[in-house]
Amino acid sequence: MKNIKLDYSNVMDFITEEDIEQEKKKYLEARKKVVEKSGEGSDYLGWLDLPKRITDDEIDDILETAAHIREDSDVFISVGIGGSYLGARAAIEALSPNFYNMSMKPQIYFAGNSISPRYLKDLKSVIDGKKVTINIISKSGTTTEPALAFRMIREWMIENYGQKDVFKRIVATTDSSKGALRQLADEEGIKTFVIPDDVGGRFSVLTPVGLLPIAVAGIDIRKMLEGAADGMKEFRDEEDIAKNPSSMYAILRNILYEKGKRIEMLSNFEPQLHYISEWWKQLFGESEGKDNKGLHPTSCDFTTDLHSMGQWIQDGCRNIIETFLNVEDPESTIVIGMEKRNLDHLNYLAGKTFRYVNEQAFLGTRAAHRDGEVPNMTITIPSISPYYIGNLFYFFEWAVAVSGYMLGVNPFNQPGVESYKKNMFALLGKPGFEEQSREIREKLSGQKKFISAGSPGKAEVGAG
């Protein structure tokens, strides 16, 4: 079995072996905090042994529920936000055909990750006349975005299926004993799965939060868990960093951060990996972005974004590092043909494969960005398969845990997330936020300025 590899040769011109040796000391302290569960946030380290902790009975329950949904539904809607949907979507997008909803049953859609009325309107038109099952994912059941989407979809289902049958088409993934969603599930006899108390949302992809939607897509979750379990041995249990690509990745990104780099870009050359990057952004952004610290995680899909972001990456502010996510074997071969007229001047590629051309684009881009003074690493996974996606999930989870402690923050909380919620609740008039609402509106009335269309140069003060 091949392993995930880390190539950091394009970093070594920017750091020294002494830097690595010095950073090892921080790493060993951080590793000890994670393994011994002695650091801040240790109550949320349940993901650490999750691939081995989940039981066969739990897996069987997920698989049986998923099989029933596939047989009985035209559409499956996963309702959640943040970690309640990003991991599942990342796995489904990576491991399904690019246009899976054109041919797969059930079609899979995601809701509750925004408050856009247009999105919900369009979703209703897509599901009209179809048999729908929804999976509402929320520990509390009161998170605004998914709760609103759940309310809207549930009303649609009552209109179409009747009050009596609607709850047969709902699966709730929620707290084991408390919260609004748990209360509803108990009262209405809704099928439930439990979110472990010791696993935070962004680490929850290998719990029923992610595994049920992934299984509905027909993906082998046992293989995914096997890959993650091997990741425990390869990344958590391997103390020698020379043999541990996840730990070395954490060390190198922290060295570069200490040398003034402030942005990390995860780049790939496979469109199916787009949502892996989205999941990674939440994992690292929410884990490390505290106390005015942390690399800003962003991402690019190449070669697409080379035609929009390429100039900035090559010649812009030199405060970035780049991590390439490379696939050794994309498992598809299309041979480029010969054109008699050769109007596009591409006959020099005739007989070669798209895979070969894509690989040369990757190698050329990596070299160009290095020449442009962007230190870059390459994480190579052998293939896009359930095993290696599970392995990759654990690779990044281990890396961010030790990296966060090395940075000096608690990697498992997210205090800043609550700020926007409080302001939103106050502006919406939620009971209990009256004083904050008054303060915010006073600030807005004094700060908000706008220029009306059709009135060039004329600024008007808006009252909010």
Side-chain angles (χ1 to χ4, degrees), residues 2-11 86-87 89-100 227 245-246 249 252-253 263-281 283-284 295 297-316 320-336 344 346 348-393 395-396 399:
K2 294 182 178 179
N3 296 323
I4 290 178
K5 295 180 291 188
L6 177 71
D7 178 351
Y8 55 94
S9 55
N10 280 353
V11 168
L86 277 170
R89 187 160 193 176
I92 292 169
E93 298 275 348
L95 296 167
S96 303
N98 280 296
F99 308 104
Y100 60 87
S246 176
Y249 167 65
L252 294 172
R253 63 193 303 279
I263 298 170
E264 180 179 9
M265 181 169 58
L266 187 68
S267 302
N268 71 79
F269 282 77
E270 292 292 337
Q272 286 170 274
L273 297 178
H274 172 82
Y275 270 93
I276 294 289
S277 296
E278 296 300 303
W279 171 82
W280 171 86
K281 285 194 287 188
L283 182 69
F284 278 81
L295 282 160
T298 185
S299 61
C300 279
D301 299 322
F302 294 152
T303 59
T304 305
D305 288 338
L306 289 173
H307 294 260
S308 57
M309 290 293 292
Q311 175 62 42
W312 181 83
I313 297 166
Q314 195 72 36
D315 288 338
I320 64 172
I321 68 174
E322 186 169 23
T323 300
F324 289 99
L325 185 54
N326 180 48
V327 182
E328 187 174 335
D329 181 7
E331 298 178 349
S332 58
T333 301
I334 300 176
V335 178
I336 300 166
D344 55 13
L346 292 176
Y348 76 99
L349 295 175
K352 295 182 172 63
T353 65
F354 273 80
R355 173 186 171 185
Y356 171 80
V357 175
N358 203 33
E359 183 179 15
Q360 304 319 301
F362 156 62
L363 294 172
T365 302
R366 184 171 66 172
H369 291 179
R370 164 61 192 84
D371 292 343
E373 298 297 311
V374 178
N376 59 69
M377 299 176 269
T378 300
I379 298 168
T380 297
I381 60 173
S383 64
I384 302 177
S385 66
Y387 176 89
Y388 285 115
I389 293 300
N391 201 243
L392 185 67
F393 281 143
F395 176 103
F396 282 129

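Remember, it's a predicted structure, so these values are computed and weren't measured experimentally. What's counted below: heavy atoms across the whole structure, side chains too, no hydrogens, waters or symmetry copies.
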- Query: Will you find, in the side chains of Thr380 and Glu328, an N or O donor that is under 3.5 Å from an N or O acceptor?
  - Reply: no

State whether a side-chain donor-acceptor pair under 3.5 Å links Arg366 with Thr378.
yes

Q.
For the CZ atom on Phe269, are there more than 12 heavy atoms of other groups (residues, nucleotides or ligands in this structure) within a distance under 6.0 Å?
A. yes

**Prompt:** Do Asn358 and Phe362 have side-chain heavy atoms sitting under 4.5 Å apart?
**Reply:** no

### Message
With heavy-atom distances below 4.5 Å as the criterion, would you say the side chains of Phe284 and Leu295 are in contact?
### Response
no

Rounded to the nearest 0.5 angstrom, the CD1-CG distance for Ile321 and Leu252 is 8.5 Å

Of all heavy-atom pairs linking Lys2 and Pro382, the shortest is CB-CG, 3.6 Å

Interatomic distance, CD@Glu93 vs OG@Ser277, rounded to 0.5 Å, equals 12.0 Å

Handout entry: Under 3.5 Å side-chain donor-acceptor pair for Thr323 and Glu264
Key = yes

If you define the side chain from C-beta out and look only at heavy atoms, does anything of Tyr388 sit under 4.5 Å from Val327? no

By side chain to side chain donor-acceptor pair (under 3.5 Å), Asn10 pairs with (sequence neighbours left out) Asn376

For Lys352, look at atom NZ and say whether over 12 heavy atoms of other residues, nucleotides or ligands are found less than 6.0 Å away. yes

Min side-chain heavy-atom separation Leu392-Leu325 under 4.5 Å: yes

